[in-house]
There are 2 protein chains.
Amino acid sequence: MAATRPTMKDVAAEAGVSTMTVSRVVNGDSAVAPGTAARVEAAVRKLGYQRDDVARQLRRTHELSQIIGLLVDDVTDPFMAAVASAAEDVARQRGSIMLIGSSRADLRREREVIAAFTARRVDGLILTPAAGSHRFLRPAQAQGTKIVCVDRAAPGLDVDAVVVDNFGAVREAVAHVVAHGHRRIGYIGDTPRIWTFGERRRGYLAALESAGIAADPALVRDGVRTGPEAAAAVTGMLALHDPPTALLAGNELLAFGALTAAPGDLAFVAFDDFALAARLTPPVTVIAQDPVALATSAAHLLFARIHGDVSPPRTVVMPTRLIRRGSGEIPGPFAA
Amino acid sequence: MAATRPTMKDVAAEAGVSTMTVSRVVNGDSAVAPGTAARVEAAVRKLGYQRDDVARQLRRTHELSQIIGLLVDDVTDPFMAAVASAAEDVARQRGSIMLIGSSRADLRREREVIAAFTARRVDGLILTPAAGSHRFLRPAQAQGTKIVCVDRAAPGLDVDAVVVDNFGAVREAVAHVVAHGHRRIGYIGDTPRIWTFGERRRGYLAALESAGIAADPALVRDGVRTGPEAAAAVTGMLALHDPPTALLAGNELLAFGALTAAPGDLAFVAFDDFALAARLTPPVTVIAQDPVALATSAAHLLFARIHGDVSPPRTVVMPTRLIRRGSGEIPGPFAA
DNA sequence: AGCCAAGCTGTTAACGATACCAACCAGAAG
DNA sequence: CTTCTGGTTGGTATCGTTAACAGCTTGGCT
């Protein structure tokens, strides 16, 4: 049953050589006579031998493991899925494989998964850090594990990050809605303790302040995590005595939820573009970012670090784009 | 810089004990005097020691590695993302971590990634096999790597699979459209060499045949992989002398593409439900399956195998559901 | 012939952890 | 006082691979 896999020793016996010679052949070392190499290769095929990278890595303790780890909140978020896909593509190009884990926004879970990854000697980690301090990564970092954050910065940790200007993008979007005559503008996001949502929320408040609009706590919903929660939040806001005439949804998942509850005449802007945005009625105005570019950039940065880049940590800010499709341009009660 | 991580030897020296004692403490073996254990734990904390699971696994060659591998076509496909998420959840519950790889529908790439995974001694693999023979997995299987397919069966390989009745679901959906008065019905799918699309295509053809409708090759498009390709295929069909009045899209990605090109009066059914299906005009009729249930079931099956289940391979068929939302009920020219 | 270089192959000792067994100690039993 | 038991600790070998070095041919050159 649990047939044990053949080792170099088995191959060596089969081919009548030493394990060292097998090692050389398996690793493409040229210093082996063609005839010998052929015999070894035949034995490899006959036994179905495959090099054991666990043993190899132990022996080569100071070489790279060629494994990276990716930690996301939740892969079912299309943004994170795009990140995962792009990161894996780069890893593959660089000859590495990728471990994936989800934190589900739970810092303890994130910690556990990261510990399991570092115990396997990953060369580096790509993180979308959950809310909370990431000081716990210091020891891993000190021992040489490279870390890059994507989409979010990690409070308490001095590492590279690839993000967008969430603050500016939302401020611009809210100003855009204000310019279309809205003053009662709702905001739905996850907890501001997640860096990205903190920034987005700040951008929202800054835009209101610039416009001389007092922020109404009833129109700001934090800690919203799922589509149904977002839908409920929208329903709640619309039931207010003085309901919002415009709404900003903090990410794709929340936008989907909000859209199931939002009437067509509510002005609407979503953070993150999505496939059918243009097909809805009205077509949805979005703040678009490019998750593939973010993740590709983050992965390249990570591999540069892994291969010895020791320059000071930097934060790369990628552009966003406000795509006006209609829902964000619905005129409000104060339209000129 | 590349500070080397502390080993048990370092901890042992620090605590004034042998590595064996450190090993016992680190692994929670009770046969250590409380005072000694406390000294070791202090040393562990002081040095920031973490057990090296690479070395551990080499020593414990016949134990499980607690790593599984997941191979999907492409994680950006929401169906695959849901599968990945669910599989990782189960892995975590079972104390394992998960490697992820994408084949991008390329059998060679799939092979390479799987080889890299098995070289790391994964306990098992969850696969959505690309088109082509998977005979190459035989040796890995013979050496004890457990394999479960999800969403698709693997030609040439005798393993567990968790799938839906693609044939039946599409046949039913097409019959449903026929019942609403359509006879010119288009089909867009990826290559029928991928098991799932082969089944869906067969279902489509079977429904036409039952209805006494001759299949028109101009209305069947195989090998469509991306949204834009799907849109182009729709545009092409609509430009025909005798265009289709109804269309079936073979998965979510193709549906999204098709929808950008399909006019609102074209009857439309998509395989896979999606978040905004009910918000489109007209709301989209879909064949829904439950990717989380599929993947959860597949992962449980895999872990059962890993833990010694040696019963004959089985194929689990999960239900689908035709959700009538409107687009599939648009009456055709032959409606009663 | 004698010597050296080049090419090929093998031996040994690790990498970091743990299974297995032996050794030690205290106190209890005889 | 010896023997034994049980609790605790350490020594040694090993997992599969490879770095470092040593040894053996062969052939060319002087």
Can you check whether [X] has a side-chain N or O nearer than 4.0 Å to OP1 or OP2 of [N]?
{"X": "Thr21(B)", "N": "dG10(D)", "result": "yes"}
{"X": "Ser18(A)", "N": "dG10(C)", "result": "yes"}
{"X": "Thr61(B)", "N": "dC15(D)", "result": "no"}
{"X": "Arg60(A)", "N": "dA19(D)", "result": "yes"}
{"X": "Ser23(B)", "N": "dT18(C)", "result": "yes"}
{"X": "Thr7(A)", "N": "dC15(D)", "result": "no"}

Nearest whole Å is fine: how far is [N] [atom2] from [X] [atom1]?
{"X": "Arg120(A)", "N": "dA17(C)", "atom1": "CZ", "atom2": "C1'", "result": "12 Å"}
{"X": "Asn27(B)", "N": "dG16(C)", "atom1": "CG", "atom2": "P", "result": "17 Å"}
{"X": "Arg39(A)", "N": "dT9(C)", "atom1": "CZ", "atom2": "C1'", "result": "11 Å"}
{"X": "Met8(B)", "N": "dC15(D)", "atom1": "CE", "atom2": "C1'", "result": "15 Å"}
{"X": "Lys9(A)", "N": "dT11(C)", "atom1": "NZ", "atom2": "C1'", "result": "14 Å"}
{"X": "Gln57(B)", "N": "dG16(D)", "atom1": "CD", "atom2": "P", "result": "11 Å"}
{"X": "His62(B)", "N": "dC15(D)", "atom1": "NE2", "atom2": "P", "result": "8 Å"}
{"X": "Asp29(B)", "N": "dG10(D)", "atom1": "CG", "atom2": "C1'", "result": "14 Å"}

Query raised in the report: Side chains of Asp151(A) and Thr128(A): donor-acceptor distance under 3.5 Å anywhere?
Result: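 Not at all, the side chains of Asp151(A) and Thr128(A) share no donor-acceptor pair under 3.5 Å.
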Requested in this report: Would you check if there is a donor-acceptor pair between the side chains of Arg94(A) and Gln66(A) at a distance under 3.5 Å?
Outcome: no
Query raised in the report: Which sits closer to the 5' end of DNA chain C, Arg24(B) or Asp52(B), going by the nucleotide each is nearest to?
Result: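 In this pair, the answer is Asp52(B).
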Query raised in the report: Out of dA17(C), dT18(D), dT9(D), which has the shortest distance to the side chain of Arg56(B)?
Result: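 Looking only at side-chain atoms, Arg56(B) lies closest to dA17(C).
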Query raised in the report: Are Asp89(B) and Arg109(A) close enough for a salt bridge, meaning some N to O gap below 4.0 Å?
Result: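 So Asp89(B) pairs with Arg109(A) through a salt bridge.
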Contact class for [X] (heavy atom, under 4.0 Å): base, sugar-phosphate, or nothing?
{"X": "Asp53(B)", "value": "nothing"}
{"X": "Arg51(A)", "value": "sugar-phosphate"}
{"X": "Ala33(B)", "value": "sugar-phosphate"}
{"X": "Val54(B)", "value": "nothing"}
{"X": "Arg121(B)", "value": "sugar-phosphate"}

Requested in this report: Take Ala55(B) and Met20(A), find for each the nucleotide of DNA chain D with the closest heavy atom, and name the residue whose nucleotide sits nearer the 5' end.
Outcome: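 Whichever sits nearer the 5' end wins; that is Ala55(B).
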Requested in this report: Could you check Val26(A) against Thr19(B) and say which one's nearest nucleotide on DNA chain D is further toward the 5' end?
Outcome: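 On the 5' side of the pair lies Thr19(B).
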Query raised in the report: Just by distance, do the side chain of His134(A) and the backbone of Gly132(A) share a donor-acceptor pair under 3.5 Å?
Result: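 Side chain of His134(A) to backbone of Gly132(A), a donor-acceptor pair under 3.5 Å: yes, one is there.
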Query raised in the report: Checking Asp53(A) side chain against Arg56(A) main chain: does a donor-acceptor pair fall under 3.5 Å?
Result: no
Query - Polar side-chain contact Arg59(A)-dT18(D) base: donor and acceptor under 3.5 Å - result: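 When only heavy-atom distances are counted, Arg59(A) does reach the base of dT18(D) through a donor-acceptor pair under 3.5 Å.
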Query - Arg24(B) and its side chain to side chain contact (heavy atoms under 4.5 Å, CB included) partner, picked from Asp29(B), Thr19(B), Val17(B) - result: Asp29(B)
